[in-house]
Protein chains: 2
Amino acid sequence: MRSRSSPGFVSSQEVARLAGVSRSAVSRTFTPGASVSPETRERVMKAAKTLGYHVNHLARGLISQTTGIVCLVVSDIATPYLSSMVDALTRRLQEAGKVAMVINATGKLEKIEDAIRQTLHYRADATVVLSGSPDRAIIQTCLDSGQRMILLNRDEMLPGIRNVSLDHAAAAREALDAFLAAGCRRLAVVTSAARTPSLVGRETGFVDAARAVGLEVATWSEGPTAHASGAAGARRLLGRTDRPDAVFCVTDLLACGFMDVARHEFGLRIPKDVSVIGFDDIEQAAWPSYNLTTFAQPVAEIADYVVTCVAADEVAEAVPRRLFAAPMIRRSTVRR
Amino acid sequence: MRSRSSPGFVSSQEVARLAGVSRSAVSRTFTPGASVSPETRERVMKAAKTLGYHVNHLARGLISQTTGIVCLVVSDIATPYLSSMVDALTRRLQEAGKVAMVINATGKLEKIEDAIRQTLHYRADATVVLSGSPDRAIIQTCLDSGQRMILLNRDEMLPGIRNVSLDHAAAAREALDAFLAAGCRRLAVVTSAARTPSLVGRETGFVDAARAVGLEVATWSEGPTAHASGAAGARRLLGRTDRPDAVFCVTDLLACGFMDVARHEFGLRIPKDVSVIGFDDIEQAAWPSYNLTTFAQPVAEIADYVVTCVAADEVAEAVPRRLFAAPMIRRSTVRR
DNA sequence: GACAGCTTTGCACACGAGTGCAAAAAATCC
DNA sequence: GGATTTTTTGCACTCGTGTGCAAAGCTGTC
């Protein structure tokens, strides 16, 4: 395949030499829309194939100011919802000719800032923040450096930023309606100690909607956003004398934890004794053991929109936050 | 923060101008071990902070031949095991000063090759192949280009490649022993149609071990490596007259699907009627609804080893495949 | 104060590519 | 065939950085 004896990457210079043309010709061959005659193009392509040449995107990015790199800042990648989001994003970005650089922001607050700063070292075309609550100053720094920023489910309203979010309040209201239609009146909400805008939006949306019809709702909010926290919430809420008959868990993971304890520790039947609604529609929600009524994250649509933002020619100054609807997936954890 | 009026990234040239030093001084300030006097270093740092300067790793990589980029080629990122592997890898790589570029190889065979080829465009320091079965030729191309390659659970034994794998056969034998100790004799194995080396290793390891003690094992292998396939396997295997009393599912996802159908469609009790063992120790395996006995992937150890390989100075020519043990996690899906 | 030895600094080149410009070549027109 | 237009090609500059080399600066000793 290769005729050179020294190992390492092949440069356009070497291809040019073998093809008997100038380096410019090689460059133009791999630049769409550039002027090259068919025969030189063919000679170059042949030489490139012989040597195993691949355009160095880093060097290209140096001069053309666009690297094709998109940074994904995300914590808790191993979480079902976020991993499916990363899956969708990486795939769509690739289809659009970009490539995703994943910055793992798990850990302390400073680490998130370090992670975002890391982004700047690679002159990414855009940075997508999937989780973590980065400081306003850091985001401003990125914007100043010409970084295009896309925030998912954050609430920073700086000019130049693209905000993408879900209509959590509407979903919360729909959840309440479903509970009320099922005849439930003793409401509770289970959330985690992580006060991210999306979780808070779901919680307060539910509580506010309940208040509007004159109902109070018991709240559990401790621990990380995980199965164990939902389990802990169940132990607490179900141990009370006025046990709730309808529980809105702001995350499917919490809902699974809640259901596991409700069934295996309290011997309750779902939805006969307690109705449960989750959020995210993770894969496990559809498994027969849970069969959870929940709200689907429009993962594909969000990914499409993000790619649109990344690929857009102009950076519109003030774009209103883009709000997506989360359709309810009715399964069997709410009484009929 | 910034005094320049034009947007965009700041170069070392501008920092040099503000600090009143040469560009070399700026470069040396950000190069560990380079010779700079304390006062110039301080002036440079101050100017850099004022302007919001960040070293351009792309330009640096151009000259120093090491970009700090490590490509992760992976399909089905949304899968519990793989997402936790990606989580561990991205975190460890970052701690080692590298950054992960995720190439989503989901889809057809050609796409995987395209994905790996993509790797070469960014002059990554190394490529880690987590899934997909890339062609030998593609791997050879990468090696020729000086790409360091690390293959997880693949069986390509080319010189220059680092192979990392689990001792699947040992785990399979341990699973069989557990079943035998529980008094089970009617064995079955559930796997998917994906004939990856790891899944095949587990399956044949189990079947061979069973044959060694004179037992035959029924096999189900259809569909993707997912919950639905495990469910389908259960419908088939449990519908037979000589229903198995011990089932080794080569993946926890398959095991969950199997258990769900065994319980909810056949009304069987686990482990009283059927014993089940999985593989991977995904988060859901520990949930009370499953409480699955399984084998833990040594995710952290593997990630550590991969980082060691990536950061190693020399590329040893012939390194034997590194085999990790998968310890058995005994929970409650096997009779005592 | 002269000299040796060490540290710091700037110049200039290199990395691998894209592109404006003008020369060269080819195609078209009269 | 010559003039004109169009296409193709190569030169040379550029992007932002690291680094060898030699000059300059500093320190210390006799």
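Each chain gets a letter, A, B and so on, in the order the sequences are listed, and its residues count up from 1. Atoms considered below: every heavy atom in the structure, side chains included; atoms not considered: hydrogens, waters and symmetry mates. Model, not experiment: these values are computed from the prediction.
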Please enumerate all residues that pass ring pair (Phe, Tyr, Trp, His ring centres under 6.0 Å) together with A:H57, with sequence neighbours excluded. B:H121, B:Y122
Its 5'-most and 3'-most nucleotides having an atom under 4.0 Å from a non-hydrogen atom of chain A, DNA chain C is contacted over C:dG16 to C:dG20
Qualifying ring pair (Phe, Tyr, Trp, His ring centres under 6.0 Å) pairs with a residue from residues 26-50 of chain A, counting only residues at least two apart or across chains: A:F30-A:Y53
Reckon [X] touches a base, only the sugar-phosphate, or nothing at all at heavy-atom distances under 4.0 Å?
X: B:S37; value: sugar-phosphate
X: A:S11; value: sugar-phosphate
X: B:H54; value: sugar-phosphate

Between [X] ([atom1]) and [N] ([atom2]), how many Å, whole number?
X: B:H57; N: D:dC15; atom1: NE2; atom2: C1'; value: 18 Å
X: B:F9; N: D:dT17; atom1: CZ; atom2: C1'; value: 15 Å
X: A:E42; N: D:dT8; atom1: CD; atom2: C1'; value: 17 Å
X: B:R17; N: D:dT17; atom1: CZ; atom2: P; value: 13 Å
X: B:R60; N: D:dG18; atom1: CZ; atom2: P; value: 5 Å
X: B:E39; N: D:dG25; atom1: CD; atom2: C1'; value: 12 Å

Could you pull out the closest heavy-atom pair between [X] and [Y], with the gap in Å?
X: B:A303; Y: B:L89; answer: CA-CD2, 3.9 Å
X: A:I150; Y: A:C309; answer: CD1-CB, 3.6 Å
X: B:L82; Y: B:D76; answer: CD1-O, 3.6 Å

Spacing of CD1 belonging to A:I302 relative to CG belonging to A:L152, to within rounding of 0.5 Å: 6.0 Å
One should read off an interatomic distance between B:E42 CD and B:T40 OG1, to the nearest 0.5 angstrom, of 10.0 Å
Tell me, which of residues 20-32 of chain A have any heavy atom that sits under 4.0 Å from an atom in DNA chain C? A:R23, A:S24, A:S27, A:R28, A:T31
May I have the list of side-chain donor-acceptor pairs in residues 21-29 of chain B shorter than 3.5 Å, sequence neighbours left out?
residue, atom, partner, partner atom, Å
B:S22, OG, B:S24, N, 3.4
B:S22, OG, B:A25, N, 3.4
B:T29, OG1, B:A25, O, 2.7

Against A:D125, only a single residue in A:Q147, A:Q65, A:K98, A:R148 fulfils side chain to side chain donor-acceptor pair (under 3.5 Å); can you say which? A:K98
Let's see if you get this right: which residues in residues 63-71 of chain A place a heavy atom under 4.0 Å from DNA chain D? A:I63
With distance as the sole criterion, is a donor-acceptor pair present between the side chains of B:T90 and A:N104 under 3.5 Å? yes
Is it true that, when you exclude B:E301 itself, more than 12 heavy atoms of the residues, nucleotides or ligands shown sit nearer than 6.0 Å to its CD? yes
Can you work out whether B:P38 or A:N56 has the more 5'-proximal nearest nucleotide on DNA chain C? B:P38
